[in-house]
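Here is the structure we will look at.
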Amino acid sequence: MLKRTRYGGELREAEIGSTVILNGWVNTYRDQGKGLFFLDLRDRSGLVQVVFDLEGAAPELVERARGLRREDVIGVRGVVRARVAGANPKLETGTIEVAASELEIFSKSAPPPILPDDHEAEKIQEEKRLRYRYIDLRRPSMQKILRTRFEVTRAARTYFAENGFLEIETPFLIRSTPEGARDFVVPSRLYPGSWYALPQSPQLFKQILMVAGCDRYVQIVRCFRDEDPRADRQAEFSQIDLEMSFVEREDVMAMMGGFAKRIWKTILGYEIGEIPRMSYADAMERYGIDRPDLRFGLELRDVSALAKKTGFGVFEQALAKPRGVVKAIVVPGGAEKLTRKQTDAYAEFVKGFGAGGLPTVKYGAEGFTTGIAKFLEPIQAELVRELALQPGDQVFFGADTWKVVTKALGELRNKLGADLGLTKTGEWKFLWVVDFPMFERDEEHQRWVALHHPFTAPLPGEESKLESDPENCLSAGYDLVVNGSEIAGGSIRIHRQDVQQKVFELIGLTAEQARSKFGFLLDALQYGAPPHGGIAFGLDRLVMWLCGTNNIRDVIAFPKTQTGQDLMTEAPSSIDLEQMEELHVRNTVPTQP
RNA sequence: GGGGGCGUAGCUCAAUUGGUUAGAGUACCGGACUGUCGAUCCGGUGGUUGCGGGUUCGAGCCCCGUCGCCCUCGCCA
């Protein structure tokens, strides 16, 4: 066997004159006739041109070479030499080529259904790429993503090892716990009628590792949530998960900030600098979202006080609602940049988030024009001052309950940022969001739900509000946001059994329910639990940002479709009747004929 | 569960809006070619128009159902 001595894509002019053996796939071939045959050999490192010619090779060799086709797998021995007829600037190896003297064909390829060319791949239906994933992954850009993902996890292990963390595995077959996302479940063979669940995260296990004295835990771990996927999430995903003992939130944030800095430095050579902070309340008021994209302004401004003076029906009705507000977004230069068609489309857009419409005005030399200009006459001067309007600006208003306005304008703000080209690649705006409320009111079920999760501790000094004022009790949670995307989230945990009981009670779990579902945690907290806290990084989303893709399937070697299928293996599938009987389950779906 | 988009040759697309035998590029096969590089030139194979019904003299195109993929709202403690 011709065994590789070098990766072809790494060869450069310095190697001219040396003999190498390359292994790889035929990317393309160019048959020049009887005696001259070129091919581009692809391996993990990239492409290099291999030439078979009469001067240097036996005719028999040339004949065999001429039979090569795309995606055949070969070994080649040859001498590295300078290109005779000029370089190919498109290849990193474009100034050299390998003059082949020996060829071994390891495997012929059937005509490939798709070709692993980066310039083709954009056009190929993703369905085909997923079906033939083993071909698609041969593409240089996919190889680069796989490598980047590995560099991230390697840097993570190095960083956390340097900081005294232990990587400890937690089980995949666990007890199903309520709340949160829908569980994937696995039937038990040995306990008829009983089920395991796959973990949505190792949350409880890592807390128990702290009780167990492990002090600092990290794990790069798969998590499972049986919810409908999106472009940036799927049922099965990975976290860099960690937990620390004897810490306050400052300690965890410092550790994670250091990790983010390490990653951006290692992978992109980028210096993050100090990561600013913002309270959840601020984020919601000014950006309408708990993960603001700070790459652009367009902040939401509360103009309720002024709106009250207009007598405009839409504003009045909104302000009459419980917690009704009127907020504004100023688009600098929007009067000219935004067409009527666009602003109409934005009105439709915000309706999708429950807003009744999108009142708007343009500001110019003659004051307010278009839209609701006439209604704003009484407050024009004050509004111009309040919003620091410049001629040419356009103002959009949201008028409804705080919740609807916040959501609608927050989403509109992000859309405007994208549409107006306010986000540049290579720009990184990090932000810690802190001081979340412990609870959110679920009006439909008339109860409190934990905003983060029910193991999150109140901020020091806020504990008493659990009794007196749960709505305004702040938590010791923290989210790390980059460019409007939440890439990590965590909190200081409750380490006292009585506090944990109280929180369970507030979210509507009776003592009995809490005991039956989380008894092991409550027990553990009784027997010497250190103060502890942690955080989890979404590995997939992290790699997406680092690789510049907005498709989570690009950063997972074998991803699932939006309906949870693996198109390559065709999972999920039906199972044999015997398998089902062994597992004590029965199929209630009529079988296909 | 709701909304939107897509589905024609292995792949990427077209088919003058219901009209002859569904075309092109590419891949593949055969031939030519000694410096190509997304090689080129000549010729060729290749189709259950996702699937199932329906309307019609006639359906890739219209209608109904169904399957699959993507985006999205809900959902994702």
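Residue numbering restarts at 1 for every chain, and letters A, B, ... go by the order of the sequence lines.
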Considering every strand and a 4.0 Å limit on heavy-atom distances, what is the contact class for A:Asp31: base, sugar-phosphate, or nothing?
base
How would you label the contact of A:Ile124 with the nucleic acid (heavy atoms, under 4.0 Å): base, sugar-phosphate, or nothing?
sugar-phosphate
Atom pairs under 3.5 Å: protein N/O with N/O of nucleotides 71-73 of chain B:
from, atom 1, to, atom 2, distance (Å)
B:C71, OP1, A:Arg553, NH2, 3.0
B:C71, OP2, A:Gln562, NE2, 2.4
B:U72, OP2, A:Ala231, N, 3.1
B:U72, O4, A:Gln562, OE1, 2.9
B:C73, OP2, A:Arg230, NE, 3.0

Who does B:G52 pair with, Watson-Crick or G-U, both distances under 3.5 Å?
B:C64
pair_partner(B:G35), Watson-Crick or wobble, both distances < 3.5 Å, evaluates to none
Can you tell me if A:Thr563 touches the phosphate of B:G68, counting only side-chain N or O atoms and a distance under 4.0 Å to OP1 or OP2?
no
Does any nucleotide pair with B:C28 by Watson-Crick or G-U wobble geometry, both distances under 3.5 Å, and what is it?
B:G44
If you look at every strand shown and take non-hydrogen atoms under 4.0 Å, does A:Gly86 touch a base, only sugar-phosphate, or nothing?
base
Hey, is A:Arg496 close enough to A:Asp498 for a salt bridge, meaning N to O under 4.0 Å?
yes
Pairwise C1' distance, B:C11 and B:U49 [rounded to whole Å]:
16 Å
Does A:Tyr29 put a side-chain nitrogen or oxygen below 4.0 Å from OP1 or OP2 of B:A27?
no
Would you say a side-chain N or O of A:Lys123 is under 4.0 Å from OP1 or OP2 of B:C11?
no
Just to be sure I understand the rule, does A:Glu127 reach a base, reach only the sugar-phosphate, or reach nothing, if contact means heavy atoms closer than 4.0 Å?
sugar-phosphate
It should be established whether A:Lys128 places a side-chain nitrogen or oxygen under 4.0 Å from OP1 or OP2 of nucleotide B:G10.
no
For B:C64 and B:U56, measure between their C1' atoms and round to the nearest Å.
16 Å
If you look at every strand shown and take non-hydrogen atoms under 4.0 Å, does A:Arg42 touch a base, only sugar-phosphate, or nothing?
nothing
A:Asp344/A:Lys351 ion pair, N-O < 4.0 Å
no
Find the distance A:Arg131:CZ to B:U12:P and express it as a whole number of Å.
14 Å
Using atom P of each nucleotide, how far apart are B:C6 and B:A22 to the nearest Å?
25 Å
For B:G54 and B:U72, measure between their C1' atoms and round to the nearest Å.
33 Å
Without decimals, in angstroms, what is the distance between A:Glu71 CD and B:C11 C1'?
13 Å
Using purine N1 to pyrimidine N3 plus N6-O4 or O6-N4 for Watson-Crick, or N1-O2 and O6-N3 for G-U wobble, each under 3.5 Å, what pairs with B:U21?
none
Pair up each side-chain donor or acceptor in residues 482-489 of chain A with any protein partner under 3.5 Å, not counting sequence neighbours, and list the distances.
from, atom 1, to, atom 2, distance (Å)
A:Asn483, OD1, A:Lys429, N, 2.7
A:Asn483, ND2, A:Glu427, O, 2.9
A:Ser485, OG, A:Trp545, NE1, 3.1

If the cut-off is 4.0 Å, is A:Arg69 near the phosphate of B:C29, judged by side-chain N/O to OP1 or OP2?
yes
B:G10 P sits how many Å from A:Arg70 CZ, rounded?
17 Å
Count the heavy atoms belonging to other residues, nucleotides or ligands that lie under 6.0 Å from CD of A:Gln513, then report whether that count exceeds 12.
yes
Whether A:Glu71 and A:Arg42 form a salt bridge (side-chain N of Lys/Arg under 4.0 Å from carboxylate O of Asp/Glu) is what I want to check.
yes
Taking atom P in both B:A15 and B:G23, compute the distance separating them and give it to the nearest angstrom.
14 Å
Residue met sooner reading RNA chain B from 5', once A:Arg81 and A:Thr28 are mapped to nucleotides
A:Arg81
Quick check: are there more than 12 heavy atoms from other residues, nucleotides or ligands sitting under 6.0 Å from CD of A:Gln143?
yes
With both distances kept under 3.5 Å, what pairs with B:C76, Watson-Crick or G-U wobble?
none
What interatomic distance, in whole Å, is found between P of B:U12 and the corresponding atom of B:G50?
14 Å
Are any of A:Thr561's side-chain N or O atoms less than 4.0 Å away from OP1 or OP2 of B:G68?
no
Residues A:Arg6, A:Glu15: salt bridge by 4.0 Å N-O rule:
yes
Is A:Arg30 near enough to B:A39 that one of its side-chain N or O atoms lies under 4.0 angstrom from OP1 or OP2?
yes
May I have the distance from A:Met568 (atom CE) to B:C69 (atom C1'), rounded to whole angstrom?
17 Å
Only one of A:Asp117, A:Asp118, A:Asp136 passes salt bridge (Lys or Arg N to Asp or Glu O under 4.0 Å) with A:Arg129; say which it is.
A:Asp136
Holding to ring pair (Phe, Tyr, Trp, His ring centres under 6.0 Å), I want the full list of residues that pass it with A:Tyr346, two or more places apart in sequence or in another chain.
none
Criterion salt bridge (charged side-chain N to carboxylate O under 4.0 Å, His left out) on A:Arg64 and A:Glu60, from CA distance to verdict:
CA-CA 6 Å; A:Arg64 253 181 340 119; A:Glu60 174 276 335; 2.9 Å; yes
With a non-hydrogen cut-off below 4.0 angstrom, is A:Leu91 in contact with a base, only sugar-phosphate, or nothing?
nothing
Base, sugar-phosphate, or nothing for A:Val449, non-hydrogen atoms under 4.0 angstrom?
nothing
Over all strands shown, is A:Ser109 touching base, sugar-phosphate only, or nothing at heavy-atom distances under 4.0 angstrom?
nothing
Please tell me if A:Gln125 has a side-chain N or O lying less than 4.0 Å from either OP1 or OP2 of B:C70.
no
Remember a base hit wins even if backbone is also touched, and classify A:Arg182 as base, sugar-phosphate or nothing at under 4.0 Å, heavy atoms.
nothing
